[in-house]
Number of protein chains: 2
Amino acid sequence: MKSRSDDLYFLLSVVDSGGFSAAAEQLEVSVTRVSRAITRLEQSLNTTLLNRTTRKVSLTEEGRLFVEKVRGGLAALEEAEELLAIRKQKPAGRLRVDAANPFLLHQIVPHVRDFREAYPDIELELTASDRIVDLLERRIDVAIRIGPLEDSSLHARPIARSPLSVVASPDYLKRRGNCDSPDALRDHDIIGFTAPEALNFWYIGQGVRVRPSIRASSGEAIRQLCLSGNGLAYLSRFMIGADIEQGNLVELLSDHLVSPNPRELVNAVYYRNTTLSARIQVFLDFFETRWNFL
Amino acid sequence: MKSRSDDLYFLLSVVDSGGFSAAAEQLEVSVTRVSRAITRLEQSLNTTLLNRTTRKVSLTEEGRLFVEKVRGGLAALEEAEELLAIRKQKPAGRLRVDAANPFLLHQIVPHVRDFREAYPDIELELTASDRIVDLLERRIDVAIRIGPLEDSSLHARPIARSPLSVVASPDYLKRRGNCDSPDALRDHDIIGFTAPEALNFWYIGQGVRVRPSIRASSGEAIRQLCLSGNGLAYLSRFMIGADIEQGNLVELLSDHLVSPNPRELVNAVYYRNTTLSARIQVFLDFFETRWNFL
DNA sequence: AAATACTTTTGCGATTTTTGAAATGAAAAG
DNA sequence: CTTTTCATTTCAAAAATCGCAAAAGTATTT
């Protein structure tokens, strides 16, 4: 509540450098300041953080726990500042973004107006392709992919997660009855994928390989089929979140859903291990805060 | 680097309450202070965070991004303080912890000496049981479980993740050759579980159901079999981390491992949705920082 | 258009904190 | 026993923060 972040930085420096004077030198401040920062901190927390034996300082057990958590917190704060620094560079230029069609429609398109307003100098080019295509050849800067990545020659960074849910339309459920347990799936119509077959593996309980009575080749098609009461589907939250909120689809078996699972991860894929271009950076930061599928 | 946490709290309050005066009232300080805090912050960051139109304040786009990150950071810092507060209560009494045998051996037992030293008033009782047993009847306070949870009547909290790796002993590999691709698994001896069969599903590529040529009923047995060169095994990092470091086991197919997956999550299970007892809290905090399997 | 009703910002003296240099104290090293 | 190496404390100067009251805006109302 009251601890000044400056003092926390001092603490970290002391811990890392192993002494007050060393920390002072490292931070280019007087030893007095360091000493006082720690004292202030300890008093404010009413705890002894550092065990001072004249030659060395060592962390008390509470200090250890405290420092551990503090590190993460300060890192986040610094990231926040860094964000602004990047943004100040007024990123500009062309940015080619690729995503699977449903993701593009449901989670990117609705926000591009705001994005363009925030970064008017970035020319956004959106493309849709279901599989990972040749990013390099098509000059794509960043691709959003859902689920496990196949090509590991590219670099990827997880940026969000979109759990999968079993859903059905209310009228279907009225006709066919509810579905309370994984075993009850047998009594229902399942809308599945034509290919790859791995998509018809649902992460429920121990994992179930379903036998679809209807198949479609795209998630969007499955969603439509489900909305019009053709059966149960297992889809990513990002494309049915709105449907659920509006009551057009009902979640089933939520107690038996297994999370995390390989298909719920949303990754940003790009080449270059090195630092991302400001364009890509701001794009990801911008959208990360808007993707609000749980 | 220089932003003060106090000012950040002011910022948050302004954002949440929707105005300077409202924030001032909420924080029980003068409006002047709030205004100055924001000004100071903005100058220090050299950025306009708040868009003041007389009737209301709204976040600028940079402000939005900034606040978002800051929230997380401050939350972590507060957690750190809270930790100390809990610890100050000198938690005492009996704490019954249950875990699967290998986890108990590899990740708990090695640290109990330190734990006892840190919390001398807690009487630790450790039990091992492979499946979730009747926690209530056996009076277990907290159980550590790896992988998906079956009984959802209990409350669980993910506390760590322990990825799974495909491993083999160096001498086995010398004899039988390397294993570069998921397909190459066919040419190798697999050490699998006798039951449940679901454990012989490996999260590699699209997911592979392996056909073990040797089976054992416990992870520890599988580990031993693997160490003595009987074939490939797919085990949690927490039980083979040391083996890998010491070179007694070699990781295979790491490029094809799929993460996250349902079996890598380490959960703390307990009844009570309400606030955890100090005992359980400190136990989890203490060990979380020591479990260092990636 | 002018007046009104809110808000935020600013000027300024008083008050509280913070700072560095040097003094002090304390434990290890020679 | 003396020297060295740190950390803490003292003290006066310097800096920052604070609150009051006045000022400066900007929607809404008259």
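Chain naming here is simple, since letters A, B, ... match the order of the sequence lines and numbering starts at 1 in each. Predicted, not measured: the structure shown is a model, and the values here were computed from it.
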Next on the checklist: Please determine whether any donor N or O and acceptor N or O are separated by less than 3.5 Å between the side chain of A:Arg52 and the base of C:dG25.
Outcome noted: no

Item to check | Derivation of the salt bridge (Lys or Arg N to Asp or Glu O under 4.0 Å) call for B:Asp16 and B:Arg71 | outcome: CA-CA 11 Å; B:Asp16 291 338; B:Arg71 276 221 158 81; 2.3 Å; yes

What's the [atom1]-[atom2] distance between [X] and [N], to the nearest Å?
X	N	atom1	atom2	result
A:Leu41	D:dT8	CG	C1'	17 Å
B:Asn51	D:dG25	CG	P	17 Å
A:Asp6	D:dA16	CG	P	13 Å
A:Lys56	C:dA26	NZ	C1'	18 Å
B:Gln43	D:dT17	CD	C1'	15 Å

Next on the checklist: Can you work out whether A:Thr53 or A:Arg40 has the more 5'-proximal nearest nucleotide on DNA chain C?
Outcome noted: A:Arg40

Next on the checklist: Please give me every residue in residues 21-30 of chain A whose heavy atoms get under 4.0 Å of an atom in DNA chain D, ordered by residue number.
Outcome noted: A:Ser21

Closest to side chain of [X], choosing from [options]:
X	options	value
B:Arg33	D:dA21, D:dC18, D:dT8	D:dC18
B:Val31	D:dG19, C:dT8, D:dA16	C:dT8
B:Arg36	C:dC12, D:dA21, D:dA7	C:dC12

Checklist entry - What do the steps show when you test A:Arg4 against B:Asp6 for salt bridge (Lys or Arg N to Asp or Glu O under 4.0 Å), and what is the final call? => result CA-CA 7 Å; A:Arg4 294 271 167 81; B:Asp6 289 347; 2.8 Å; yes

I need the [X] [atom1] to [Y] [atom2] distance, nearest 0.5 Å.
X	Y	atom1	atom2	result
A:Asp114	B:Glu61	CG	CD	7.0 Å
B:Gln26	B:Ser13	CD	OG	3.5 Å
A:Glu245	A:Ile240	CD	CD1	11.5 Å

Checklist entry - Is any side-chain N or O of B:Ser35 closer than 4.0 Å to OP1 or OP2 of C:dT8? => result no

Next on the checklist: Measuring to OP1 and OP2 of D:dT17, would you say a side-chain N or O of B:Arg4 lies under 4.0 angstrom away?
Outcome noted: yes

Next on the checklist: Assess the residue pair B:Phe103 and B:Trp291 against the criterion (ring-ring contact (aromatic ring centres under 6.0 Å, His included)); give the C-alpha distance rounded to whole Å, side-chain angles, the decisive distance to 0.1 Å, and a yes or no.
Outcome noted: CA-CA 11 Å; B:Phe103 195 86; B:Trp291 290 332; 5.1 Å; yes

Item to check | Distance under 6.0 Å and angle within 45° of ring axis: A:Arg87 vs A:Phe286 | outcome: no

